[in-house]
A.B. asks: 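My questions will all concern the structure given below.
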Amino acid sequence: MWETEVRLGEPPVVVNAGVGVHGVASRTDVFRLPELWQLHLYQYDAELIVDGTPHAIRPGRVSLVPPGTTVRFRYQGRSEHLYAHLRIAPAGPPRVVPVMQDAGPELPMLTGLLLQAIASVPGAPERTRAEIWTALWRIAHLTPAAERPGPHSAVSAAIAYIEANLAAPLTVPAVARAAGVSHNHLTRLFRTQTGGTVVAYIRRRRLDRAHHLLRASTLSIPAVAASVGIPDLQAFNKACRRELGASPRALRGEAAPAGVPIS
């Protein structure tokens with residue numbers, strides 16, 4: 001997901017706002033908020049994957065994620081951000097907003113608005129609502145629509161090819177040929193647009209899919225491994241432990257997330 005559509009004809013209902021501290025107990029968070037929008041203002045370097053689309057987190061970037069969207073954060077260490085969880089009424093004309101964008105010169109203003117909103121939560125919820133509404137309007141106008149950079153067509157083609165062939169052997173040259181560019185050019189484009197490498201993306205998407213199948217299906221562990229292109233069970237076990245923090249058997253035994261809001 002690169003963009004989302006939001007309507008700002010009415011002030012949002014702010015369900016929760018605060019300072020989120022992550023990357024301490026675990027370097028990865030995977031969750032979704034079934035009914036709430038997520039607004040984040042970042043102060044660190046990390047990676048955010050929104051419904052399978054990778055975004056590089058950098059200090060001074062802001063993200064707006066719609067309800068029901070699965071997100072995966074990959075932290076580099078202790079990471080703090082300002083956040084608000086919202087209900088936004090479908091009122092007013094639709095506005096297309098990038099899921100992730102740089103705050104640019106608006107950063108001091110947005111930081112001040114969110115800090116004031118957070119400070120007002122206990123005693124003045126009406127002010128919290130007003131501050132967040134103002135912040136949303138500013139975020140919706142950070143970059144004129146005509147100037148918003150979309151994903152390069154070669155990156156989009158590469159991602160589509162990878163997603164369709166996760167169970168098969170994948171190499172960067174093969175992905176580049178499918179995208180119609182050279183190996184080196186795809187590598188540069190991928191790093192510029194996602195902040196990571198093609199190989200890292202393939203590995204991450206295979207483990208994301210494996211995690212889902214282990215927890216949501218009754219497929220055998222060998223079948224799950226084969227379906228994500230890692231048929232060697234020893235390699236699959238090592239990959240799960242390294243990327244997901246537990247063995248395939250342990251992951252299968254976990255209870256599915258209840259969708260409780262996570263900052």
Side-chain angles (χ1 to χ4, degrees), residues 1-2 16-33 36-65 69-85 98-104 106-108 110-115 117-119 121 135 139 159 187-188 190-212 214-215 235-248 250-251 254 257 259-263:
M1 178 184 292
W2 294 99
N16 197 2
V19 179
V21 179
H22 300 273
V24 180
S26 172
R27 295 293 180 93
T28 303
D29 281 335
V30 183
F31 64 93
R32 66 187 182 92
L33 273 58
L36 303 176
W37 289 77
Q38 303 176 49
L39 170 62
H40 291 80
L41 183 60
Y42 300 102
Q43 304 166 16
Y44 53 86
D45 292 295
E47 183 180 49
L48 171 65
I49 303 167
V50 183
D51 270 356
T53 303
H55 298 271
I57 294 174
R58 298 287 183 267
R61 289 189 176 180
V62 60
S63 66
L64 185 64
V65 176
T69 304
T70 298
V71 297
R72 182 186 183 97
F73 285 89
R74 297 175 67 88
Y75 309 105
Q76 297 182 12
R78 180 184 172 87
S79 304
E80 294 187 11
H81 55 235
L82 306 181
Y83 76 90
H85 295 163
V99 167
M100 179 77 72
Q101 55 185 326
D102 287 307
E106 287 284 297
L107 179 59
L110 288 175
T111 301
L113 288 168
L114 289 178
L115 287 173
I118 292 166
V121 167
I139 290 166
I159 288 175
T187 298
R188 288 192 295 269
F190 223 87
R191 184 171 292 280
T192 297
Q193 297 216 347
T194 72
T197 66
V198 179
V199 171
Y201 180 82
I202 293 170
R203 181 174 62 246
R204 184 170 60 249
R205 290 300 296 139
R206 280 176 165 163
L207 271 296
D208 284 346
R209 183 170 294 182
H211 195 196
H212 166 70
L214 287 168
R215 302 183 70 186
F236 182 61
N237 185 67
K238 288 181 178 178
C240 286
R241 289 179 181 278
R242 182 180 62 247
E243 299 292 326
L244 303 176
S247 69
L251 291 167
E254 292 178 357
V260 176
I262 303 173
S263 63

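Owing to the predicted nature of the structure, the values given are computational and were not obtained by experimental measurement.
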A.B. asks: Mind listing the closest non-hydrogen atom pair of L251 and C240 along with its distance?
C.D. replies: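 The pair with the smallest heavy-atom distance is CD1-CB, 4.2 Å.
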A.B. asks: Considering non-hydrogen atoms only, spot the tightest contact between L110 and A135 and give its length.
C.D. replies: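 Residues L110 and A135, closest heavy atoms: CD2-O, 3.8 Å.
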A.B. asks: Step by step, would you call Y44 with H22 a ring-ring contact (aromatic ring centres under 6.0 Å, His included)?
C.D. replies: CA-CA 11 Å; Y44 53 86; H22 300 273; 8.2 Å; no
A.B. asks: Which heavy atom in A17 sits nearest to a heavy atom in V121, and how many Å separate them?
C.D. replies: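 Smallest interatomic distance, heavy atoms only, reads CB-CG2, 4.1 Å.
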A.B. asks: Hey, are the side chains of T69 and R32 touching, using non-hydrogen atoms and a 4.5 Å cut-off?
C.D. replies: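 Not touching, per the 4.5 Å side-chain cut-off.
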A.B. asks: When you measure from the side chain of S79 to the backbone of G77, do you find a donor-acceptor pair of N or O atoms at a distance under 3.5 Å?
C.D. replies: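 Yes; judged by distance alone, with no hydrogens or angles, the pair exists.
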A.B. asks: What's the shortest heavy-atom distance between P54 and I159, and which atoms?
C.D. replies: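 Closest approach of P54 to I159: CD-CD1, 4.4 Å.
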A.B. asks: Output the distance between atom OG1 (T70) and atom CD1 (I49), rounded to the nearest 0.5 Å.
C.D. replies: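 Spacing of OG1 (T70) from CD1 (I49) equals 11.5 Å.
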A.B. asks: Would you please name every residue forming a salt bridge (Lys or Arg N to Asp or Glu O under 4.0 Å) with R206, sequence neighbours left out?
C.D. replies: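 R206 satisfies salt bridge (Lys or Arg N to Asp or Glu O under 4.0 Å) with no residue once adjacent residues are dropped.
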A.B. asks: Could you give the distance from CG (L82) to OG1 (T111), rounded to the nearest 0.5 Å?
C.D. replies: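 That separation rounds to 6.5 Å.
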A.B. asks: If I take atom NE2 from residue H85 and atom CG from residue L39, how far apart are they, to the nearest 0.5 angstrom?
C.D. replies: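 Nearest 0.5 Å value for the NE2-CG distance: 9.0 Å.
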A.B. asks: Show me the donor-acceptor pairs, under 3.5 Å and distance only, between side chains in residues 55-65 and residues at least two apart or in other chains.
C.D. replies:
| unit_1 | atom_1 | unit_2 | atom_2 | d |
| --- | --- | --- | --- | --- |
| H55 | NE2 | M1 | O | 2.8 |
| R61 | NE | D102 | OD1 | 3.0 |
| R61 | NH1 | A56 | O | 2.6 |
| S63 | OG | Y42 | OH | 2.7 |

A.B. asks: Taking all non-hydrogen atoms of both residues into account, name the closest pair between Y83 and N16 and its distance.
C.D. replies: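 Closest pair (atom of Y83, atom of N16, distance): OH-ND2, 3.4 Å.
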A.B. asks: Between R27 and E47, is the closest basic N to carboxylate O distance under 4.0 Å?
C.D. replies: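 Looking at E47 and R27, the cut-off is not met.
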A.B. asks: Determine whether R241 and N237 make a side-chain contact, defined as any pair of heavy atoms from C-beta on separated by less than 4.5 Å.
C.D. replies: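 R241 reaches N237 side chain to side chain.
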A.B. asks: Could you walk me through whether F31 and V71 pass the side-chain contact (heavy atoms from CB on, under 4.5 Å) test, one step at a time?
C.D. replies: CA-CA 6 Å; F31 64 93; V71 297; 3.8 Å; yes
A.B. asks: Working to the nearest 0.5 angstrom, can you tell me the gap between K238 NZ and R242 CZ?
C.D. replies: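 Between K238 NZ and R242 CZ, I get 9.5 Å after rounding to 0.5 Å.
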A.B. asks: Measure the spacing between CG of L48 and OH of Y75 and express it to the nearest 0.5 Å.
C.D. replies: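 These two atoms lie 8.5 Å from each other.
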A.B. asks: Please tell me if the side chains of T197 and F190 come closer than 4.5 Å, counting only heavy atoms from C-beta onward.
C.D. replies: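 Side chain of T197 against side chain of F190, heavy atoms only: no contact under 4.5 Å found.
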A.B. asks: Closest approach of R72 and L244, non-hydrogen atoms and distance?
C.D. replies: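 What the structure gives for the nearest pair is NH2-CD2, 3.4 Å.
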A.B. asks: Which word best sums up how the rings of H40 and F73 line up, parallel for under 30°, tilted for 30 to 60°, or perpendicular for over 60°?
C.D. replies: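 If you compare the ring of H40 with that of F73, the planes turn out tilted.
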A.B. asks: Contact between R203 and V199 at the side-chain level, heavy atoms closer than 4.5 Å - yes or no?
C.D. replies: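 They are in side-chain contact.
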A.B. asks: Assess the residue pair I139 and E106 against the criterion (side-chain contact (heavy atoms from CB on, under 4.5 Å)); give the C-alpha distance rounded to whole Å, side-chain angles, the decisive distance to 0.1 Å, and a yes or no.
C.D. replies: CA-CA 9 Å; I139 290 166; E106 287 284 297; over 6 Å; no
